[in-house]
There are 2 protein chains.
Amino acid sequence: MEKQKAFLPTAPYKGTRDFYPEEMRFRNWMFSVMRKTVQSFGYEEYDGPILESFELYLAKSGEEIVQRQLYNFMDKGDRHVAIRPEMTPTLARMVAGEVRNLAKPIRWFSVPNLWRYEQPGKGRLREHWQLNVDLFGVNSYRAEVEIILIANAILENFKAPKGSYQIKVSHRGILDSFLNQTLALAPEKAHSVSKLLDKKSKISKENFEEEIKPLLSNPDKQLTLIYKYLDTNLQTIGDLEGIDPSSVEFIRNLFSDLGSLGIKDQLEFDPSIIRGFDYYTGCIFEVFDTNPENRRSLYGGGRYDNLIGLFSNEQLSGIGFGLGDVTFKNFLEGHGLVPKDLNSKNAVLIPLMEDKVFPEVLKLAEELRKEGIGVETMLEPAKLGKQIQTAEKKGYRFLIFLGESELSENKVQLKDIVSGEQSSVSRSDLISILRKSLLG
Amino acid sequence: MEKQKAFLPTAPYKGTRDFYPEEMRFRNWMFSVMRKTVQSFGYEEYDGPILESFELYLAKSGEEIVQRQLYNFMDKGDRHVAIRPEMTPTLARMVAGEVRNLAKPIRWFSVPNLWRYEQPGKGRLREHWQLNVDLFGVNSYRAEVEIILIANAILENFKAPKGSYQIKVSHRGILDSFLNQTLALAPEKAHSVSKLLDKKSKISKENFEEEIKPLLSNPDKQLTLIYKYLDTNLQTIGDLEGIDPSSVEFIRNLFSDLGSLGIKDQLEFDPSIIRGFDYYTGCIFEVFDTNPENRRSLYGGGRYDNLIGLFSNEQLSGIGFGLGDVTFKNFLEGHGLVPKDLNSKNAVLIPLMEDKVFPEVLKLAEELRKEGIGVETMLEPAKLGKQIQTAEKKGYRFLIFLGESELSENKVQLKDIVSGEQSSVSRSDLISILRKSLLG
């Protein structure tokens, strides 16, 4: 028992995940669908170091958030560094560094791992992976058209049914003018009211009113306006006094272009969505899972006008979104969108039946690999039944049996694990049969 | 000028690299060739968190190395954590955690980023990426056959000429028996002598002898034996008194099987290679660049018998190697093995010639994407020359011009940027032409 105590634990660090081959296949599959989607729109992948200077995050967020949520420490040269909690500061630093040389529009994406010091819980992990998609250098609403097209194309490429998600869109100009003009709130109160609007769907009407009333100078009138605001649609929002007409027109143009591309039913104007009050400066959007058991925000983003302002005097407007792996995996599983054959291998395993044929087994394997066929070979003889079990456990499609008698006849026994069929095949036919079955 | 000073720097953290799309394409290309190679042998990808407990590294290396080279800190819950400097401890932890459930042999690979606190210099960076390939559960020399086959296949799949690299192989049993039996050294002195053998090729003969003599009890006789040892080959090594015959036979079997698979000229027995004295327990190998300007170790590995011993009573023998991106990039560039078209895009850019055709441009782009063709569209009208420049700068192969006159005739103008040819193409022919040119 004493010896047992000395063993190190095999669990990963708190709040993180190990990706065994099965989980890794899922992660690779999920992000490869996303990569192909964004690449089909001309987006190029970038990456940066996982450590950045602490001040890069301090500059954008407040000291308190940063100290509480950020993995940060002093390096051995007394530099204050942090593990990236989000990709945008790295992106801004990189774009700013080459802003004059990069061809516009800049279309970039990345799939970083990000760290936050969280108390782990359902859907809250300390390390997660996130697709980041950003477009710089287009000022008109057409950047929004493209970004929402991409956000929608990702879901279509996962074969998500149209009713399984909803894309909610609004504009900071609409919210700001409502708070500042329609409600005539002072800036501090406007900020608090916007936070309450953001969390309204999560609390009761009584709690909402109780919390909001102290912020209002004329609660009866202002509450009526707030309910009216939340109840507007794209046709009626412009009728509300004080709402910025150019923001309304922006959203109308966006909806019109997206509608002509068939994106209509899954699109919804929702003046209550907020997303990072201090961060976004224009259009904002958020994709929601409609599954009643998982009705939450899947991903979202928006336009930010001064991203590189911390690094440079240059002006460059950007729009982008981030999509985390944990929530999205729940979405895919909840809607049954994970392919059933993710863990099967379109490849061959060759058991070792007799020790002396080992070099011949390797030669055959090399021959097949040169044709693009994946081959795993057993390296030591073992009971055939056990070797077949291994092939099944590892998800192989075919087994090839090669013993001395097969060698002398220039044949192999080929077994299709899926159909159960086994047949004697000449060496010359083997490659064409496998190519046809495995590589299409 | 005061405002300038307030800007944050755009350089990445000391000793790290930003991967702009050009560098990222290279990294993705390089590791995709490696991934395909190891997957063709049935290896499966895994990954773990970049933070691990500090004691995971302390257990394997000494306190001093760990404190000097390791990025480590206390987290907010007073856990002592470290950013991974190598993948093997994570691998060992994960394998140990599931050792009874995993189908053997276990064939795994990963491509982690790793961190070491180095003073940055040529080829020494604080963050680098590394292919890790490991095979567990095969005790015979045939695991070595496969691992060296893979190490060689990687180079072949990069089209490395045979003379551009050399694979040097030895066995810890040969070195140990030489130090303990042939030279009859005490363990501590044996360790120091092995370190000197390792660095012999980097220092002068005089320095080597000066440093080694104090470690020897009978310098004249022992030095003669050392030179004899270093001069042996696979035929003569067994003649040296005291050398472990089973280790010699192991290497001979290995060379025989690899030879029958055509791996002969690039393979060399070299009793001077050491690689991590405290780490490997059996066969070791190292791949060298033969380029005189870059004559250094590219990658290497070997067998370790007690990898999971820190976590469990189970016995599991493993063999593996690690391959870092920085040295390997130098190799590929030094031998001219980087494809010239890495930065060109087999895809289409559609300039926006007239504002009002914008929705039609998007519809055409969507049509092409559904056929698997990548399309970037310009979102705002600009001078045609500037838009063509953008397409060239971004490396596109084709331009499609779609204006009102083309729309009314149901045609487009298709320009091949590589050949310079431009022609009028009907919408119905466009897809088949592009599919043929771009997707083969």
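Only a predicted model underlies this, so the values are computations on that prediction, with no experimental measurement involved.
A pairwise comparison of heavy atoms in S40(A) and R369(B) identifies O-NE, 2.9 Å as the closest pair. Here the closest non-hydrogen pair linking N139(A) and E380(B) is N-OE2, 3.5 Å.
Rounding to the nearest 0.5 Å gives a distance of 11.0 Å between OH of Y71(A) and CD1 of I83(B). Of the inter-residue distances, the one linking F19(B) atom CZ with M94(A) atom CE reads 9.0 Å to the nearest 0.5 angstrom. Here OG of S140(A) is found 7.0 Å from CZ of F358(B). Values are rounded to the nearest 0.5 Å. Between atom NZ of residue K370(A) and atom CG of residue N157(B) there is a gap of 8.0 Å, rounded to the nearest 0.5 Å.
With a threshold of 4.5 angstrom between heavy atoms, K363(A) approaches chain B through its backbone and through its side chain. Using a 4.5 Å cut-off between heavy atoms, N28(A) contacts chain B through its side chain alone, with no backbone atom that close. Residue F41(A) touches chain B through both its backbone and its side chain, counting heavy-atom pairs closer than 4.5 Å. Within the 4.5 angstrom heavy-atom criterion, only backbone atoms of R68(A) (N, CA, C, O) approach chain B. For a residue to count as touching a neighbouring chain, one of its non-hydrogen atoms must lie under 4.5 Å from one of that chain's; by this rule Y20(B) touches chain A with backbone and side chain alike. Both the backbone and the side chain of T377(A) come within contact range of chain B, each with at least one heavy atom under 4.5 Å from a heavy atom of that chain. Contact annotation for K104(A): only backbone heavy atoms (N, CA, C, O) come within less than 4.5 Å of a heavy atom of chain B. Within the 4.5 angstrom heavy-atom criterion, only side-chain atoms of L135(B), from C-beta onward, approach chain A. Neither the backbone nor the side chain of I350(B) comes within less than 4.5 Å of any heavy atom in chain A. When heavy atoms are compared at a cutoff of 4.5 Å, A11(A) approaches chain B solely by way of its backbone atoms N, CA, C and O. In this structure, no portion of Y43(A) lies under 4.5 Å from any heavy atom of chain B. Both the backbone and the side chain of E45(B) come within less than 4.5 Å of a heavy atom of chain A. When heavy atoms are compared at a cutoff of 4.5 Å, A96(B) approaches chain A by way of both its backbone and its side chain.
Within the 4.5 Å cutoff, no side-chain heavy atoms of V95(A) are placed close to those of T10(B). Between S260(A) and E360(B), every side-chain heavy-atom pair lies at or beyond the 4.5 Å cut-off.
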Let me see the working for E127(A) and L51(B) under side-chain contact (heavy atoms from CB on, under 4.5 Å), right down to the final yes or no. CA-CA 9 Å; E127(A) 183 183 44; L51(B) 284 189; over 6 Å; no
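Note on R93(A) versus D18(B): salt bridge recorded, some NZ/NE/NH1/NH2 to OD/OE distance being below 4.0 Å. With salt bridges taken as basic N to acidic carboxylate O contacts below 4.0 Å, one links D47(B) and R27(A). Ion pairing of E44(B) with K345(A) is present here, as a side-chain N (NZ or NE/NH1/NH2) and a carboxylate O approach within less than 4.0 Å.
Listed in order of number, the residues of residues 141-150 of chain B that approach chain A to under 4.5 Å between heavy atoms are R142(B), A143(B), V145(B), E146(B), L149(B).
Note: V138(B) leads V138(B), D257(B), T390(B) in heavy-atom pairs under 4.5 Å with chain A. Between chain B and the residues Q39(A), Q389(A), R107(A), the largest count of heavy-atom pairs under 4.5 Å involves R107(A). Counting heavy-atom pairs closer than 4.5 Å to chain B, the top residue among A103(A), S53(A), S256(A) is A103(A).
In this view, R79(A) and D75(A), V81(A), Y13(B), K14(B) satisfy the side chain to side chain contact (heavy atoms under 4.5 Å, CB included) rule, not counting sequence neighbours.
Without hydrogens or angle criteria, Y117(A) side chain to G77(B) main chain gives a donor-acceptor distance under 3.5 Å.
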